[in-house]
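So you know, we letter chains A, B, ... as the sequences are listed, proteins then strands, and number each from 1. When reading the values below, keep in mind they use all heavy atoms of this one structure, side chains included, and skip hydrogens, waters and symmetry mates.
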There are 2 protein chains.
Amino acid sequence: MLNDRKRKILQIIIEDYIETAEPVGSRTIARKHNLGLSPATIRNEMSDLELLGYLEQPHTSAGRVPSAQAYRLYVDSMVDSMKEEPGVLTENDMALINSWYKERIRNMDDIFKSTAKILSRMTQNVSLVLANKKSTARFKYLKFLPLSDTRAIMCIVTDDGAMDNGLIDIPAGMSSAELDYLSGKMSNLLEGRRLTEINGDLLQEVYSAVSEDEVMLASLKKAISNIAAKNSEQKVFLGGAKQLLNQPEFQDVGRVKNLLGILEEEKVVKDILNAGDDSGLKVTIGSENKFTGIKDCSMVQATYRLNGQIVGTMAVLGPTRMEYRKVIAVMNYLHKYLETILKDPK
Amino acid sequence: MLNDRKRKILQIIIEDYIETAEPVGSRTIARKHNLGLSPATIRNEMSDLELLGYLEQPHTSAGRVPSAQAYRLYVDSMVDSMKEEPGVLTENDMALINSWYKERIRNMDDIFKSTAKILSRMTQNVSLVLANKKSTARFKYLKFLPLSDTRAIMCIVTDDGAMDNGLIDIPAGMSSAELDYLSGKMSNLLEGRRLTEINGDLLQEVYSAVSEDEVMLASLKKAISNIAAKNSEQKVFLGGAKQLLNQPEFQDVGRVKNLLGILEEEKVVKDILNAGDDSGLKVTIGSENKFTGIKDCSMVQATYRLNGQIVGTMAVLGPTRMEYRKVIAVMNYLHKYLETILKDPK
DNA sequence: TGTTAGCACTCTGTATGTGTGAGTGCTAAC
DNA sequence: GTTAGCACTCACACATACAGAGTGCTAACA
């Protein structure tokens, strides 16, 4: 519905505004870009674009600023074409990312932490990374490791090779052999269950088949529910709140406070990240955001998976005047990179 | 060296300035406080106080502002008298703190997290909490839990009842009994050692007494060094960066950026917190801080211990114009409260 | 000798006015 | 359909004026 010339002019305005954060005027466009058009003509086109809802005027005699609708068009026309190309990422950028990861990966947490840092550094915006915990893991077996006369450590091994443990009370005088017998029996009865299934009732049932000690049962229940809770917990990693302050739209302290308040509430951040559906890359612009407090921001979000299962979500949050091109390029690259790493964490 | 009247006037100026963040003038003092003195007299005293280094003038015709030296005097005379009293904490405050902790303690991390949150909420400043890991724990025994034909989980139990684990490769076809034999032998040889002592060489020595498989040895080394690293790692919890923006001294975005930059660098925060000696409550005012970037801030810091050993450090960081009285009261209270909780984490 | 009233002086913050520059919309000519 | 010209608008920068709060100094007072 937009002819080529309008489209071209709109793109110039968007990119100019993204770069300078200043309203763009017709003269500026004519001067900077060799369109073969006079400012007056451009003015007419801009007037049309404003009527169509793509441009806004802060006040009568300022240049014009892209509307959310304009960004939407801009992003949509870009995302598809960028699916397979590295986009604007330079070799240098990619090398930087690679080495960054290489240096500091010791465990999963490090991966997420590094991702948050890289994202914010490369995009000059706030980054949010949500790590899901594998709540679908299945119980494999458990083992008691004696600690003292009345205490032992319960180790639970799941089928994904992970391990959790908790402290439990045992009847005084119980021998190591007895503990092994107990754990063997219980393991048999629980094998294959999801951790989340193993609630108090099931545990009671299984336990009463092998022992009667109430104290031990109670501590078992507590330890396992703790482990289950820990396993279904999501963890949030943030990066680059500082970068925000470099953006002209956040020179206003009130706005910074607002956003910082949101970022500090872990629960809110989780809600925001969980709200994104899980279909590849998603860009939410301005008031498209459902959460009050970030309605004047844009967010680019991607979900990464391992064997079809969602492992986490990463997002970049910043002003609507965001370098979408760069952000999307970085996200695409990280997305691929992460799914490779996660598949084989060496 | 200061007579009572000077001392009194200085205190009034400090507290007034802490409350209003505005330079305090002689008239204001005379009006607000019934000292029985005219502004002129107060002016004379203030002039003296300035000469003595306790007051500063932003410019000729402004009121006066306390110097770092003044805060020093103020804090010193306060800390001692507050050791045993609840200070300015209301019953309400204390009840709030208690319930806050009660609600969300599941593990150690939660304790630290809550502490950071409470500190920042109650003091309206940034809070930093450093959690030490027990690096002095001694090895008790280890155990291998088979996972697959070629992999097992190594569990290490230490004398403080904690447990760590890591994934290791085992020779294909090794039986469970063989693994038990191996772990029993190694446990005997390593018992009583500090985790940090168990380096590659020692491990090689111990291991070669029981087996020859190189692959397993390599993965053992790696797993144990990972565990040792994790155990000596310190963890940082922050809270209330948002609160800073409520302080008039942080209306300047540049200053916020500066501080935020520091807080985002985990390493720097660790350095700052580790620098504090371990003697109870410590207040560092302005340029007393050795770290560039917080030289215009004050910090109140306390170290908490369990059985004589340092478990962590908590601190409140804010402008030199800080509500020392309140901050110190909160810290004192939390300090006592935490040491109780830590002793018996129920 | 310590305290105070009076006064001139200084400096900041706010309000007000003016000029400049960038931008627009409209009209008329090409 | 495009463009030159022109009047108009508005934000911003700058200067000037002014009120308010505070100071230091001096001289008078108890």
Side-chain angles (χ1 to χ4, degrees), chain A residues 2-10 12-17 19-67 70 248-249 251-253, chain B residues 2-10 12-17 19-67 70 248-249 251-252 321:
Chain A
L2 288 187
N3 64 33
D4 267 7
R5 197 168 73 182
K6 280 200 175 52
R7 183 167 248 123
K8 179 75 187 157
I9 290 177
L10 183 55
I12 288 176
I13 295 176
I14 293 177
E15 292 183 346
D16 203 84
Y17 183 65
E19 191 190 328
T20 64
E22 298 285 326
V24 188
S26 53
R27 269 186 82 113
T28 324
I29 299 179
R31 221 184 309 121
K32 273 209 207 164
H33 301 83
N34 217 336
L35 290 177
L37 294 175
S38 77
T41 312
I42 297 175
R43 217 139 58 218
N44 288 333
E45 295 288 40
M46 286 169 82
S47 178
D48 290 354
L49 283 168
E50 180 168 0
L51 228 60
L52 290 167
Y54 290 102
L55 292 180
E56 284 161 5
Q57 245 177 326
H59 54 88
T60 339
S61 76
R64 284 182 172 90
V65 161
S67 68
E249 25 271 282
Q251 292 313 94
D252 167 36
V253 182
Chain B
L2 288 187
N3 64 33
D4 268 6
R5 197 168 73 183
K6 282 202 173 54
R7 185 167 246 123
K8 179 75 187 157
I9 290 177
L10 183 55
I12 289 175
I13 295 176
I14 293 176
E15 292 183 347
D16 204 84
Y17 183 65
E19 191 189 327
T20 64
E22 298 285 327
V24 187
S26 54
R27 269 186 83 113
T28 323
I29 299 179
R31 221 183 311 122
K32 274 211 210 164
H33 301 82
N34 216 336
L35 290 177
L37 294 175
S38 76
T41 313
I42 296 175
R43 220 144 50 223
N44 288 334
E45 295 289 39
M46 286 169 81
S47 178
D48 290 354
L49 284 168
E50 180 169 0
L51 227 59
L52 290 167
Y54 290 102
L55 292 179
E56 284 161 4
Q57 245 178 325
H59 53 89
T60 340
S61 75
R64 285 182 171 90
V65 161
S67 68
E249 25 271 283
Q251 291 314 92
D252 168 35
R321 186 191 62 78

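The base of D:dT9 lies close enough to the side chain of A:Ser61 for a donor and an acceptor atom to sit less than 3.5 Å apart. For a distance-only test at 3.5 Å, the side chain of B:Thr41 fails to qualify as a donor-acceptor partner of the base of C:dT3. Contact annotation: side chain of B:Arg43 to base of D:dG24, donor-acceptor pair present below 3.5 Å.
Where A:Arg31 and A:Ala40 meet DNA chain C, the nucleotide closest to each residue was compared, and A:Arg31 sits on the side nearer the 5' end.
D:dC25 atom P lies 18 Å from atom CD1 of B:Ile42, rounded to whole Å. For the pair B:Ile29 CD1 and D:dA21 C1', the computed distance is 13 Å after rounding to whole Å. Atom CZ of A:Arg27 is separated from atom C1' of C:dT24 by 12 Å (rounded to the nearest Å). Going from atom CG of B:Leu37 over to atom P of C:dA5 covers 11 Å, rounded to whole Å. Remark: C1' of D:dG24 and CD of B:Glu45 are 15 Å apart, rounded to the nearest angstrom. Following rounding to the nearest Å, A:Ile9 (CD1) and D:dG1 (C1') show an atom-to-atom distance of 14 Å. If you take CE of B:Met46 and C1' of D:dA21, they are 12 Å apart, rounded to a whole angstrom. Rounded to whole Å, the distance from NE2 on B:His59 to P on D:dG20 is 17 Å.
Between A:Ala70 and A:Ile14, the closest heavy-atom pair is O-CD1, 3.6 Å.
Within the structure, every side-chain polar atom (N or O) of B:Thr60 is placed at least 4.0 Å from both OP1 and OP2 of C:dT10.
Looking at A:Tyr54 and A:Leu2, their side chains come closer than 4.5 Å, going by heavy atoms from C-beta outward. Looking at heavy atoms from C-beta onward, B:Leu35 lies out of side-chain contact with B:Thr41 at the 4.5 angstrom threshold.
Among D:dT3, D:dA11, C:dC11, the nucleotide with an atom closest to any side-chain atom of A:Asn44 is D:dT3. For B:Ser47, the side-chain atoms get nearest to D:dG24 when compared with the rest of C:dT10, D:dG24, D:dT23. For B:Arg64, the side-chain atoms get nearest to D:dT23 when compared with the rest of D:dT2, C:dA5, D:dT23.
For A:Asp48, the side-chain contact (heavy atoms from CB on, under 4.5 Å) partners are A:Lys6, A:Glu45, not counting sequence neighbours. Scanning for side chain to side chain donor-acceptor pair (under 3.5 Å) contacts around B:Glu50 gives B:Arg64, with sequence neighbours left out.
C:dC30 is paired with D:dG1 under the Watson-Crick or G-U wobble criterion, all donor-acceptor distances under 3.5 Å. Using Watson-Crick or G-U wobble geometry with both donor-acceptor distances under 3.5 Å, C:dG25 finds its partner in D:dC6.
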